[in-house]
Peer 1: 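Sending over a structure as C-alpha cells; questions will come in a sec.
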Amino acid sequence: MNILLLGDLLGRVGREAALKHIPELRAALKLDFVAVNAENASHGFGLGPDMADALFKAGADVITLGNHAWDRKEIIPYIASQPRLLRPLNFPPGTPGQGACVVALPDGRKVLVAQAMGRLFMDPLDCPFRGTDELLSRHKLGVTVQAILLDIHAEASSEKMAYAHAFDGRVSSVTGTHTHIPTADHQVLPGGTAYASDLGMCGDYDSVIGMNKAPALGRFIRKLPGDKLSPAEGPATLCGAFVQTDDATGLAKRIAPVRLGGRLAQAMPAL
C-alpha cells in the first residue's frame, strides 16, 4: 500500500498547496491512501467545514485535527456527522467526534487511522498510551486491517519517540504533527513501524512556524501580546511523508520525506 501523510496545513497557502498537490501526488506516487492534518487550516486556528469538504474532494481520505480542534465552532456539528474527520482519541468521554476510524478502500483493503495528543507541554488530556493500546486491542494489523496509521500530535520529540516505540510492530506508521518543523529522522523501527518525529507543516517557511514574523518576534522580545498572530502568505512548502507497507503483514517497507514548493529543499520519493 502506498500512503501519503501530510503535516499541519497552515492557513490559505497551506490549504491551496494541499488542494493542488494531492491529486498530482495520487497519480505520481500511485497512492492508495492520503491522510492530512488540518487543525491550522483556517487562518492558522482550526478548520472550517467547507475546507474539510474541499480536502476530501481533492483526495484526502482522512483528516486529523489536534489542540486547535475546536477553534472553529462550526466544526462541532460537522465532526459529529463526518467519521473521517478525527480529533485526538484521548479527549474525555463525551467529546464530539471520534479519535479513530476504519476506511475501506475500493479494493476491499482496510486502513485504521487514529490520532492521539501528547501531554508534555500540552493540555492535560487522558493518557495517549493507554487510549491507543485499548484501540489496538480491537484491531489486528494484517488481519482485520491492512494498515494502521497513528498521528501523534505532541510538542515533545521524546514523547513522540516513546509513543512510537510503545507501538512498534503493532502499527504501520507513527508520525508526529504539531511542531510545524519537518524532522530528518525518517526510519523504519526494529519492529517494522515507519516513524518520523514531525511531518512538518504545509505552509510558508519564511515565518515563525507559519505565522507572520513581526507579531511573533514581538511576543518573544517584548513579552507583550502585541498584534494578533496571522499566517504568513508567501509560497508554501508541502511537507509530509510517503510510507509503503507490505499487504501481508501491514508493516512498513519504507518511509521517505515529501517536500514540494516554497523555500525548503525539495524531496520526492522514487517508486
Side-chain angles (χ1 to χ4, degrees), residues 5-9 35-42 45-47 52 60-73 75-103 110-141 144-145 147-180 183 189 191 193-199 201 241:
L5 306 169
L6 293 182
D8 309 49
L9 307 189
V36 180
N37 183 284
E39 71 143 7
N40 302 121
S42 179
F45 301 95
L47 174 69
D61 294 291
V62 167
I63 300 171
T64 59
L65 295 172
N67 58 301
H68 290 290
W70 316 122
D71 287 5
R72 285 282 301 270
K73 304 307 179 188
I75 208 67
I76 294 176
Y78 181 93
I79 198 172
S81 63
Q82 175 49 271
R84 293 187 294 140
L85 176 62
L86 304 180
R87 45 77 172 166
L89 59 80
N90 50 327
F91 271 118
T95 301
Q98 55 189 18
C101 69
V102 175
V103 177
K110 294 180 180 179
V111 181
L112 169 65
V113 184
Q115 182 184 56
M117 194 150 78
R119 296 190 293 182
L120 290 177
F121 316 114
M122 303 282 282
D123 293 336
L125 298 183
D126 297 340
C127 178
F129 293 85
R130 185 167 59 249
T132 303
D133 187 63
E134 192 280 327
L135 172 70
L136 295 180
S137 71
R138 296 181 271 116
H139 298 277
K140 178 68 174 176
L141 185 62
T144 60
V145 292
I148 300 177
L149 314 174
L150 301 183
D151 172 357
I152 176 65
H153 198 77
E155 189 78 32
S157 55
S158 58
E159 188 173 21
K160 294 177 180 181
M161 290 178 177
Y163 182 84
H165 286 297
F167 301 110
D168 184 22
R170 298 175 64 187
V171 302
S172 308
S173 70
V174 173
T175 48
T177 54
H178 179 64
T179 63
H180 297 192
T183 58
L189 299 177
T193 294
Y195 174 70
S197 291
D198 203 281
L199 296 172
M201 71 172 176

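Just so you know, these numbers come straight off a predicted model, no measurement behind them.
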Peer 1: Determine yes or no for a side-chain-to-main-chain donor-acceptor pair under 3.5 angstrom, with T183 supplying the side chain and A196 the backbone.
Peer 2: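 Judged by distance alone, no pair lies under 3.5 Å.
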Peer 1: So, the side chain of R87 versus the backbone of T95: is there a donor-acceptor pair under 3.5 Å, distance only?
Peer 2: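 Confirmed, R87 side chain pairs with T95 backbone.
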Peer 1: Can I get a per-line list of side-chain donor-acceptor pairs under 3.5 Å for residues 111-131, giving both atom names and the distance, sequence neighbours left out?
Peer 2:
| unit_1 | atom_1 | unit_2 | atom_2 | d |
| --- | --- | --- | --- | --- |
| Q115 | NE2 | L65 | O | 2.7 |
| Q115 | NE2 | D151 | OD2 | 3.0 |

Peer 1: Can you tell me how the ring of F91 sits relative to the ring of W70, calling it parallel under 30°, perpendicular over 60° and tilted otherwise?
Peer 2: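 The rings of F91 and W70 sit tilted, inter-plane angle from 30° to 60°.
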Peer 1: Taking the side chain from D8 and the backbone from H178, do they hold a donor-acceptor pair closer than 3.5 Å?
Peer 2: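 Yes, the answer is positive, given that a donor and an acceptor are paired below the 3.5 Å cut-off.
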Peer 1: Keeping R84 on the side-chain end and V103 on the backbone end, is there a donor-acceptor pair under 3.5 Å?
Peer 2: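 Between the backbone of V103 and the side chain of R84 there is no qualifying donor-acceptor contact (under 3.5 Å).
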Peer 1: Just how far is it from atom CG of L89 to atom CD of Q98, taken to the nearest 0.5 Å?
Peer 2: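 One finds 10.5 Å between CG of L89 and CD of Q98.
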Peer 1: Do the side chains of V102 and H139 get nearer than 4.5 Å, heavy atoms only?
Peer 2: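 A side-chain contact exists here, since the closest heavy-atom pair is under 4.5 Å.
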Peer 1: Report the distance from atom CG of L135 to atom CG of L150, rounding to the nearest 0.5 Å.
Peer 2: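 Here the rounded value is 7.5 Å.
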Peer 1: Looking at every non-hydrogen atom in both residues, tell me the closest pair between G191 and D168 and how far apart they are.
Peer 2: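 Here G191 and D168 meet closest at N-OD2, 2.6 Å.
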Peer 1: Please enumerate all residues that pass salt bridge (Lys or Arg N to Asp or Glu O under 4.0 Å) together with D71, with sequence neighbours excluded.
Peer 2: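 For D71, no residue satisfies salt bridge (Lys or Arg N to Asp or Glu O under 4.0 Å) once neighbours in sequence are set aside.
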Peer 1: Once rounded to the nearest 0.5 Å, what's the spacing between atom CG of N37 and atom NE2 of H68?
Peer 2: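 These two atoms lie 10.5 Å from each other.
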Peer 1: Within the 4.5 Å heavy-atom criterion, are H153 and T64 side-chain neighbours or not?
Peer 2: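 H153 does not reach T64 side chain to side chain.
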Peer 1: Taking only residues two or more places apart in sequence or in another chain, which ones pass side chain to side chain donor-acceptor pair (under 3.5 Å) with T179?
Peer 2: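 Listed in chain order: D198.
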Peer 1: From N40 CG over to L47 CG, what is the distance, rounded to the nearest 0.5 angstrom?
Peer 2: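 One gets 10.0 Å once the value is rounded to the nearest 0.5 Å.
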Peer 1: If you look at every heavy atom in G169 and L141, which pair is closest and at what distance?
Peer 2: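 Shortest heavy-atom separation between G169 and L141 comes out as O-CD2, 4.5 Å.
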Peer 1: List in chain and number order the residues that pass side chain to side chain donor-acceptor pair (under 3.5 Å) with E159, two or more places apart in sequence or in another chain; answer none if no residue qualifies.
Peer 2: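 Scan of E159 (side chain to side chain donor-acceptor pair (under 3.5 Å), adjacent residues dropped) gives none.
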Peer 1: Among residues at least two apart in sequence or on other chains, which ones pass side chain to side chain donor-acceptor pair (under 3.5 Å) with R170?
Peer 2: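 Scan of R170 (side chain to side chain donor-acceptor pair (under 3.5 Å), adjacent residues dropped) gives D133.
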Peer 1: Nearest 0.5 Å, please: how far is CD1 in I152 from OG in S197?
Peer 2: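 That separation rounds to 11.0 Å.
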Peer 1: Look up atom CE in M201 and atom CG in L6, then write down how far apart they are to the nearest 0.5 Å.
Peer 2: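 If we round to the nearest 0.5 Å, M201:CE and L6:CG are 13.5 Å apart.
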Peer 1: Could you pull out all residues at least two apart from T132 that satisfy side chain to side chain donor-acceptor pair (under 3.5 Å)?
Peer 2: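 Partners of T132 by the side chain to side chain donor-acceptor pair (under 3.5 Å) criterion, ordered by chain and then number, come out as Y163.
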Peer 1: Are any side-chain N or O atoms of T193 and backbone N or O atoms of L189, one a donor and one an acceptor, separated by less than 3.5 Å?
Peer 2: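 The answer is no, because no donor-acceptor pair under 3.5 Å joins these two groups.
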Peer 1: Side chain to side chain contact (heavy atoms under 4.5 Å, CB included), that's the test. Do E39 and T177 meet it? Break it down for me.
Peer 2: CA-CA 10 Å; E39 71 143 7; T177 54; over 6 Å; no
Peer 1: Using modelled atom types only, decide if a donor and an acceptor are shared between the side chain of S173 and the backbone of Y195 within a distance under 3.5 Å.
Peer 2: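 No, the answer is negative, given that no donor and acceptor are paired below the 3.5 Å cut-off.
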